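For this chain, numbers begin at 1 and follow the sequence in order. Since we're looking at a predicted model, the values are computed, not measured.
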Amino acid sequence: MYYTYVLRSLKNGVLYKGQTQDLVSRLEVHNAGMVRYTKKYIPWELVYFETFNTRAESMAREKYFKSGAGREWLKKHLESMGKW
């Protein structure tokens with residue numbers, strides 16, 4: 001299983017999009033300050049994820065989330081969930 005995920009910084013609300021095979025461990029790595037970009041925005045919370053059968057599918061979804069249309073879709077979706 002592969003996951004595309006979105007984290008939100010509890011420090012300032014910045015969103016981070018990524019993909020992984022182990023969602024729990026990846027969140028722990030981000031919150032431990034072991035990722036260069038995310039360490040300055042600790043702590044992080046998982047606000048959204050999707051599951052895929054292949055890494056290619058997961059990476060394609062991550063790429064979409066990082067596009068203009070994907071950012072707009074995420075904003076609307078997270079607002080509807082009360083996470084924005």
Backbone of Pro43 reached by a side-chain donor or acceptor of Asn31 within 3.5 Å
no
Using a 4.5 Å cut-off on heavy atoms from C-beta on, say whether the side chain of Phe52 contacts that of Gln19.
no
Quick one: does Lys11's side chain have a donor or acceptor within less than 3.5 Å of a partner on Lys40's backbone?
yes
If Ile, Leu, Val, Met, Phe, Trp and Tyr residues are connected whenever their side-chain heavy atoms lie under 4.5 Å apart, and connections chain through other members, are Tyr64 and Leu15 in the same group?
yes
What about Leu27 and Tyr41, same hydrophobic cluster or not, with Ile/Leu/Val/Met/Phe/Trp/Tyr joined at side-chain heavy-atom distances under 4.5 Å?
yes
Do Phe49 and Val24 sit in one hydrophobic cluster, given that two such residues count as connected whenever their side-chain heavy atoms are within less than 4.5 Å of each other, even indirectly?
no
Should Trp44 and Leu10 be counted in the same cluster of Ile, Leu, Val, Met, Phe, Trp and Tyr side chains packed under 4.5 Å apart?
no
Would Val35 and Arg26 satisfy side chain to side chain contact (heavy atoms under 4.5 Å, CB included), going step by step from the backbone distance to the final call?
CA-CA 10 Å; Val35 178; Arg26 191 64 179 153; 3.9 Å; yes
Would Arg61 count as a cation-pi partner of Trp73, with NZ or CZ less than 6.0 Å from the six-membered ring centre and within 45° of the ring normal?
yes
NZ-CD distance between Lys75 and Glu72, expressed to the nearest 0.5 angstrom:
6.0 Å
Is there a path of hydrophobic side-chain contacts, each under 4.5 Å between heavy atoms, that joins Leu23 and Leu7?
yes
Going through the checks in order, is the side chain to side chain contact (heavy atoms under 4.5 Å, CB included) test met by Tyr3 and Leu46?
CA-CA 12 Å; Tyr3 303 92; Leu46 180 66; over 6 Å; no
If you take all heavy atoms of Thr38 and His30, which pair is closest and at what distance?
OG1-ND1, 3.0 Å
With distance as the sole test, does Ser58 use its side chain to make a donor-acceptor pair with the main-chain N or O of Tyr2 at under 3.5 Å?
no
Given side chain to side chain contact (heavy atoms under 4.5 Å, CB included), test Asn53 with Met1 step by step and report yes or no.
CA-CA 5 Å; Asn53 291 319; Met1 254 329 122; 3.9 Å; yes
So that I can tick it off, tell me whether Glu62 and Lys66 are bridged by a salt bridge, with the cut-off set at under 4.0 angstrom between side-chain N and carboxylate O.
yes
From CA spacing to verdict: side chain to side chain contact (heavy atoms under 4.5 Å, CB included), Leu74, Arg71:
CA-CA 5 Å; Leu74 270 174; Arg71 283 192 298 272; 5.7 Å; no
Within a radius of less than 6.0 Å around CE of Met81, do more than 12 heavy atoms belonging to other residues, nucleotides or ligands occur?
yes
Could you give the distance from OH (Tyr5) to OG1 (Thr20), rounded to the nearest 0.5 Å?
6.0 Å
